[in-house]
Amino acid sequence: QVQLMESGGESVQAGGSLTLSCTASGDISRIYSMAWFRQAPGKEREGIAVILRSSSTTVYADSVKGRFTISRDSASNTLSLQMNSLQPEDTAMYYCASRFEGTRARTHLDRSAFARWGQGTQVTVSS
């Protein structure tokens, strides 16, 4: 099984930057893509960035495009999310998740296609 563990969440001022990390362990050989999702209080969990393992192709939600960058380090099995120009509306619990090969999805950020999730890391942006 794949285990995911996020880190890096903290409280920052608006306009600031933060980098989140997610370390994957276990049998990662069948992972097709990894993504970052976030969930604000009272809102649904939304996919914000995904990276395909084989090609490193990335896809972003419009809400973070141009501000956030997803990347991965194959050597350390670490997924990162560089977040710049943070705004109060970015306040949420951030989760990393993995999608396995052979899993069908409507889009690359289809939440239902991701089978493994980390426990989340809290990001709070104050104005």
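What you see is a predicted model, and the numbers here were worked out from it, not measured in a lab. The first residue in the sequence is number 1, and the count goes up from there.
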J.: Any heavy-atom pair between the side chains of T103 and Y32 that's under 4.5 Å?
T.: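 Heavy-atom side-chain distance check fails, nothing below 4.5 Å.
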J.: For the residue pair G47 and A61, what are the closest heavy atoms and their distance?
T.: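 Shortest heavy-atom separation between G47 and A61 comes out as O-CB, 3.5 Å.
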J.: Do V125 and M93 share a hydrophobic cluster, counting only Ile, Leu, Val, Met, Phe, Trp and Tyr and linking them when any side-chain heavy atoms are less than 4.5 Å apart?
T.: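 V125 and M93: separate clusters.
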J.: Could you tell me the separation between the OG atom of S56 and the CZ atom of R72, rounded to the nearest 0.5 Å?
T.: 4.0 Å
J.: With the side chain counted from C-beta on, respond yes when R67 and Y60 share a heavy-atom pair under 4.5 Å apart, and no when they do not.
T.: no
J.: Quick one: closest heavy-atom pair of G9 and T121, and the distance?
T.: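 What the structure gives for the nearest pair is N-OG1, 3.0 Å.
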J.: Hey, mind stepping through E10 and L18 against side chain to side chain contact (heavy atoms under 4.5 Å, CB included) and telling me if it holds?
T.: CA-CA 8 Å; E10 60 182 71; L18 202 58; 3.3 Å; yes
J.: Give me the atom names and distance for the closest heavy-atom approach of C22 to L4.
T.: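 That would be SG-CB, 4.0 Å.
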J.: Is the NZ or CZ atom of R111 positioned over F37's six-membered ring, under 6.0 angstrom from the centre and within 45° of the axis?
T.: no
J.: Using 0.5 Å steps for rounding, measure from the CD atom of E101 to the CZ atom of R30.
T.: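 So the gap between those two atoms works out to 6.5 Å.
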J.: Starting at CZ of R116, measure out to SG of C96 and round the result to the nearest 0.5 Å.
T.: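 It is 12.5 Å, given to the nearest 0.5 Å.
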J.: Below 4.0 angstrom, N of the basic side chain to O of the carboxylate: do D110 and R99 qualify?
T.: no
J.: For the CE atom of M34 and the OG atom of S71, what is their distance to the nearest 0.5 Å?
T.: 11.5 Å
J.: Closest heavy-atom contact between T23 and S76?
T.: CG2-O, 4.4 Å
J.: Would a 4.5 Å heavy-atom cut-off, applied to side chains only, mark V123 and D90 as touching?
T.: no
J.: E6 versus L20: any side-chain heavy-atom pair under 4.5 Å?
T.: no
J.: So, taking the atom named CZ in R53 and the one named OG in S98, what distance separates them when rounded to the nearest 0.5 Å?
T.: 10.5 Å
J.: When you compare the side chain of Q3 with that of Q1, does any pair of heavy atoms fall below 4.5 Å?
T.: yes
J.: Of all the heavy-atom pairs spanning W36 and S80, show the shortest one and how long it is.
T.: NE1-O, 3.4 Å
J.: Considering non-hydrogen atoms only, spot the tightest contact between S127 and A14 and give its length.
T.: CA-CB, 4.2 Å
J.: Are L79 and F68 connected into the same hydrophobic cluster when the rule is that any two of I, L, V, M, F, W, Y join if their side-chain heavy atoms are below 4.5 Å apart?
T.: yes
J.: Are side-chain heavy atoms of I48 and L81 found at a separation under 4.5 Å?
T.: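 The answer is yes; the side chains approach within 4.5 Å.
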J.: Check the pair E89 / S63 against side chain to side chain contact (heavy atoms under 4.5 Å, CB included), numbers first and verdict last.
T.: CA-CA 10 Å; E89 51 265 35; S63 58; over 6 Å; no
J.: Can you classify the ring geometry of W117 versus Y95 as parallel (below 30°), tilted (30 to 60°) or perpendicular (above 60°)?
T.: perpendicular
J.: Are the side chains of R38 and V64 in touch, meaning some heavy atoms are under 4.5 Å apart?
T.: yes
J.: Rounded to the nearest 0.5 Å, what separation is found between the OG atom of S33 and the CG atom of L52?
T.: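 Here the rounded value is 5.5 Å.
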J.: Any non-hydrogen side-chain atom of I31 less than 4.5 Å from a side-chain atom of F100?
T.: yes
